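From a predicted model like this one, the values you see are computed outputs, not experimental measurements.
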Amino acid sequence: MFQSHRHTLLVLTLLAFAGLPIGLAQEPELDLAIRGGRVLDGTGNPWFRADVGIRDGRIVEIRRSGELGPAREEIDVDGAIVAPGFIDLHSHADDFNGANGGLRSPDVARRRAENIVTQGVTTIVVNPDGSGPPISIADQRKQLEDPGVGVNVALMAAHNTIRLLAMGADHRRAATPEEITKMQNAVRAALGEGAFGLTSGLEYVPGRWSATEELVALMDAASDLGAVHISHIRSETSAPMWWVPSQDLPKPPQLLDAYREIIEIAERTGTVGVMTHMKVRGTTHWGQSKEVIELVEAARSRGVEVYGDQYPYASSGSDGALVLIPAWARTRPDGATSDADPAVLLELTLEDPELTETVRADISHALAFRGGAERIVVFDYPDESFIGQSLAELAAVRSIDAESMAIALQLEGYRDRPGGARLRSFSLAEEDMQKLMARPWVATASDGGVALPEDGPTVHARYWGTFPRKIGRYVREQGAVSLEHAVRAGTSLPARILGLEDRGTVRVGAIADLVVFDPETIGDNSTFMKPHQASSGVLHVLIGGRAAVRDGRATGELIGSVLARPGSSEGD
């Protein structure tokens, strides 16, 4: 625990009692001393026993236990791990949509980001997937800094937002040279104001209509500024999320082609490329992580600086909003009123035998895409006995196929809700996840954001548990990676990707962004039924030497900083 000024007061009292001049007592040179810890410096090296001294927000001494001088405050961590604070490369914490806002919310509880800092996270990267507010980086910075935030924030320029501003509503096409020039100017302006690079969301609107040449042009324009490109790729399986067999073009983007595109952009521009929340989704492509790894490592072997990031969950964000009934079957007018329930519209569609078969074919595609009927679970339904059961289990009880069961959920469940139930799929295979996380170029990232209990049960568990889960489940329980590897994946690796030279390691001169955790108890408590539960085993978190978490509890202080790219007007 913290021991505030006790050592100094004891010395002064003894001197006074002995009749010695109090002026001879020296003020401690350290603001804070962390004593008795096992230091994992974040580089992948094994731990070593040492005390860590902090002054003016930086680490100034690392000495053998017992050799560090006095400090104004002290923490005796009794053998716990002292590591760099975790750096989250992919956070939606600054997404702002009014009712459920992020770090720029007027609600101070959201600005505190306690679900983030209690994981040991000290820095997050925002504006992911090409999505950011339609304001300048400078204005976003001001809104974050006043009145402040509870975690460090690094800003990125957002391709989809920039594309919309350059092209307006007419964005379902390739950009013209003039529009690309506008986007290049916007990217350079954002980097000049402190952005670390560009994010893209090539599976989303309007990025899905952009050509590779457009991204090459944007990154080439920013290559001299040290920009990094972090991209949600066009497809994470045999087709993008938006692709429906009966409705879309016959040759959708493929998984390996999507990875090749990010490598090509990095190779042609000489910039850093990151394939964000790397995954191999759906039963038809499970096992293809081997090919993905070979593709990336071949690029790295020829000098292309590409990386990936990953969250340690088998269920994605879109898996939690699963609707198996295709949208076209829930929206056909067929004489119905425009506000008719999805179940009513589906019933009209099913009156046509040919359309019924098409509906079933589209459901079959969705089942494979989401991991199969055995991995699709009911989380909300009028009949509570369905909750927690898989689609396959429900179908077996009725002796029907999974497609028929999906239709039954819509017709018999919440008829006014698309799909009739709240479903979550688990579309990722553990084997692929573990193969990817074991690579030295894959960082840990949450794809989460700010969450409060009032946000309800649909929040993904990763919002509260990502970084502790990586250690608790995949280091301690499964032995998939070492503790040193897991810590490096969340600290020095993302710092290297971003070019943060004074964060991500425990060393003299570094910013004192630190986490202290118990390796025997650290783990996530957040579940998909009850997501709003803080993790275990995270004892202390320091941001710039100040406590964000003390003795396992968030302090609630707005002590984070908005970071800026070195060399920018804000970073000079």
Side-chain angles (χ1 to χ4, degrees), residues 40-46 83-84 86-90 125 128 228-233 235-237 255-267 271-282 285-314 316 427-447 462 466-500 504-505:
L40 267 177
D41 66 9
T43 66
N45 287 329
F86 299 127
I87 299 172
D88 187 348
L89 274 180
H90 188 116
V125 181
V228 58
H229 176 212
I230 304 178
S231 182
H232 177 112
I233 63 177
S235 175
E236 295 167 332
T237 183
L255 173 77
L256 293 180
D257 291 333
Y259 281 116
R260 287 189 186 100
E261 181 179 29
I262 308 308
I263 292 170
E264 179 184 348
I265 294 165
E267 189 162 20
T271 56
V272 173
V274 181
M275 294 152 285
T276 199
H277 42 59
M278 293 188 79
K279 62 175 73 76
V280 177
R281 187 200 294 266
H285 283 270
W286 285 348
Q288 205 169 9
S289 58
K290 180 177 182 293
E291 296 173 69
V292 171
I293 290 168
E294 290 174 350
L295 186 68
V296 174
E297 294 190 341
R300 290 186 60 83
S301 69
R302 64 177 185 265
V304 186
E305 193 173 356
V306 284
Y307 303 88
D309 69 52
Q310 179 199 48
Y311 49 75
Y313 293 88
S316 72
S427 62
L428 313 181
E430 279 280 337
E431 182 180 358
D432 287 318
M433 291 171 57
Q434 292 189 18
K435 283 182 178 178
L436 287 167
M437 75 170 59
R439 306 320 301 160
W441 40 265
V442 175
T444 306
S446 74
D447 199 12
R462 66 195 180 198
T466 294
F467 288 84
R469 178 183 177 85
K470 180 72 168 282
I471 297 172
R473 179 176 175 83
Y474 292 101
V475 174
R476 189 176 64 245
E477 296 175 9
Q478 296 192 2
V481 294
S482 69
L483 180 59
E484 295 85 355
H485 178 100
V487 168
R488 176 183 172 274
T491 58
S492 69
L493 179 57
R496 171 66 188 88
I497 291 169
L498 293 171
L500 291 173
T505 57

D41 and T505: side chain donor to acceptor below 3.5 Å: no
Test side chain to side chain contact (heavy atoms under 4.5 Å, CB included) applied to Y307 and L493, step by step: CA-CA 9 Å; Y307 303 88; L493 179 57; 3.9 Å; yes
Heavy-atom pair of closest approach, residues G42 and V487: CA-CG1, 4.1 Å
Inter-residue atom distance T237.OG1 - L428.CG, 0.5 Å rounding: 10.0 Å
Reported CZ-to-CG distance for the pair R260 and L255, which is rounded to 0.5 angstrom: 9.0 Å
Minimum heavy-atom distance G504-A495, with the two atoms named: CA-CB, 4.0 Å
Atom CZ of R496: over 12 foreign heavy atoms under 6.0 Å: no
Donor-acceptor pair, side chain of W286 and main chain of S427, under 3.5 angstrom: yes
All ring-ring contact (aromatic ring centres under 6.0 Å, His included) counterparts of Y311, not counting sequence neighbours: none
Check: R281 and S316 side chains under 4.5 Å, non-hydrogen atoms: yes
Listed partners of H285 passing ring-ring contact (aromatic ring centres under 6.0 Å, His included), at least two apart: none
Atom pair CE (M275) and CH2 (W441), whose distance is rounded to the nearest 0.5 Å: 6.0 Å
Closest approach of V292 to L256 (non-hydrogen atoms, all atoms of both residues): CG2-CD2, 3.9 Å
Residue list, side-chain hydrogen bond (donor to acceptor under 3.5 Å, both in side chains) with Y259, at least two apart or on another chain: none
Distance-minimising heavy-atom pair for V280 and S289: CG2-N, 3.7 Å
Residues forming a side-chain contact (heavy atoms from CB on, under 4.5 Å) with A486, sequence neighbours excluded: K470, I471, V475, V481
Spacing of K290 atom NZ and D432 atom CG [to the nearest 0.5 Å]: 12.0 Å
Results of salt bridge (charged side-chain N to carboxylate O under 4.0 Å, His left out) for D447 - residues two or more places apart only: R462
P468: side-chain contact (heavy atoms from CB on, under 4.5 Å) partners, not counting sequence neighbours: Q119, I522, S535, V538
Residue pairs, two or more places apart or on separate chains, that pass salt bridge (Lys or Arg N to Asp or Glu O under 4.0 Å) and touch residues 474-489: none
From T466, D88, D309, residue fulfilling side-chain hydrogen bond (donor to acceptor under 3.5 Å, both in side chains) relative to S446: D88
Residue list, ring-ring contact (aromatic ring centres under 6.0 Å, His included) with Y313, at least two apart or on another chain: H460
Minimum heavy-atom distance between S301 and A298, given as atom pair plus value: OG-O, 2.6 Å
Point-to-point distance, once rounded to the nearest 0.5 Å, from CD1 of I87 to CD1 of I497: 9.5 Å
Set of side-chain contact (heavy atoms from CB on, under 4.5 Å) partners for T271, sequence neighbours left out: M219, S223, T269
Set of residues satisfying ring-ring contact (aromatic ring centres under 6.0 Å, His included) with respect to H485, sequence neighbours excluded: none
Those residues that, when tested against S231, pass side-chain contact (heavy atoms from CB on, under 4.5 Å) (two or more places apart): S200, L202, H229, I262
Salt bridge (Lys or Arg N to Asp or Glu O under 4.0 Å) pairs, two or more places apart, involving residues 433-445: E297-R439, E431-K435
Parallel, tilted or perpendicular: ring planes of H277 versus H232, cut at 30 and 60 degrees: perpendicular
Non-hydrogen atoms of V442 and M437 that approach each other most closely: CG1-CA, 4.4 Å
Q434 CD to Q310 CD distance, which is reported to the nearest 0.5 Å: 9.5 Å
